[in-house]
Amino acid sequence: MRLATWNINSIRMRVPAVLDWLQRTQPDVLGLQETKVTDDLFPGDALAEIGYSSVFVGGKTYNGVALISKEPATDVRIEYPLADIPEPRLISAVYGGIRVYSAYFPNGRDPESEHFQTKLAWIDALGQLVFAEAQEGGGSPTPMALMGDFNVAPEPRDVYNPELMEGRIHFTAEERAALERLRERGLVDAFRLVNEEPGIFSWWDYRQGMFRRNLGLRIDHVYTTADLAARTTGAYVDKDERRKPSPSDHAPVVVDFDVSAA
DNA sequence: ATGGTGGGTTACCCA
């Protein structure tokens, strides 16, 4: 099973890029963030023409998330407001018995701002929600893949200059601790199970030639429950996509799982 | 410390 996550920074600006990428990459499920489109204008028809079905929730100008899949989604949940943030930042659905989330974590803006505290509260509320959903029904927990733009670089090897970035937005101790709490509860950074090198990033600021100089952050993640993580077979960031004309500021992150005997 | 770039029902916007 191939899962992918991509902050697309306007789906309408990049319909041809998404169609081309899907056809070349063939993910089973792609989570998109920052679709920046109302539901009536989501390009579901163009995706359906290449064999992908879509579920989505969005709004004008900001935010918006979607799940694009080969097999139709079941038990779709549009999950907001979360922690009192009334923005479409979370959607999930079940594919092959796995609940897959596309999540757009709040940016936080500045560690001194109220938006930063709201971000931390949102992450903790997300943790409460996903584990509660996994336990529904009382039997064995539903396997899960929580993927999206987390807006947090979890470790020093995930930022281009740990000393410079320490304490700045996306790399504060508080944000790292919030992700650590997700991992302590059983989620695993599947990417890092198979790809341990430093200097692998998923986002580069549009400004100051940051991409050209490879000054970025790894803030887009695929966190899975341990049962699924144990089946991780590969992971990569599709940096070529960020090189193209008019790219999103994020590159797609792809993680493969062998679920054949699951 | 600032601003650079780029998205979008172009805003004292947000990333």
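Reminder, nothing fancy here: chain letters follow the sequence lines and each chain counts from 1.
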Whole Å only: how far is the CG atom of A/Asp205 from the C1' atom of B/dC14? 12 Å
So, are A/Glu241 and A/Arg24 salt-bridged, with charged N and O less than 4.0 Å apart? yes
If you measure from the P atom in B/dT2 to the same atom in B/dC13, how many Å do you get, rounded? 16 Å
Rounded distance in Å between the C1' positions of B/dG4 and B/dA15: 13 Å
Counting only heavy atoms not in A/Glu71, do more than 12 fall under 6.0 Å of its CD? no
Against A/His221, only a single residue in A/Phe150, A/Trp203, A/Phe191 fulfils ring pair (Phe, Tyr, Trp, His ring centres under 6.0 Å); can you say which? A/Phe150
Hey, which of these two, A/Thr38 or A/Arg207, hits DNA chain B nearer its 5' end, going by closest nucleotide? A/Arg207
Dot-bracket encoding per residue of DNA chain B, Watson-Crick/G-U cut-off under 3.5 Å, | denoting interstrand: ....(((.....)))
What interatomic distance, in whole Å, is found between P of B/dT9 and the corresponding atom of B/dC14? 14 Å
Are any of the side-chain nitrogens in A/Arg192 or A/Asp158 under 4.0 Å away from the carboxylate oxygens of its partner? yes
Distance, C1' atom - from B/dT10 to B/dT5, rounded to whole angstrom: 16 Å
Taking any heavy-atom pair under 4.0 Å as a contact, classify A/Phe211: base, sugar-phosphate, or nothing. nothing
Which sits closer to the 5' end of DNA chain B, A/Lys36 or A/Asn107, going by the nucleotide each is nearest to? A/Lys36
Counting only side-chain heavy atoms from C-beta out, which of B/dT9, B/dC13, B/dA15 sits nearest to A/Arg89? B/dA15
Can you tell which of A/Val130, A/Asp189, A/Val188 makes a side chain to side chain contact (heavy atoms under 4.5 Å, CB included) with A/Tyr223? A/Asp189
Take atom NE2 of A/His170 and atom P of B/dC14, then tell me their distance rounded to the nearest Å. 15 Å
Passing candidate, side-chain hydrogen bond (donor to acceptor under 3.5 Å, both in side chains) with A/Asn63, options A/Gln33, A/Arg89, A/Lys36, A/Glu34: A/Arg89
Given atom CE of A/Met210 and atom P of B/dG3, what is their separation to the nearest angstrom? 17 Å
Quick test of your reading of the model: are A/Asp28 and A/Arg2 salt-bridged, counting only N-O distances below 4.0 Å? no
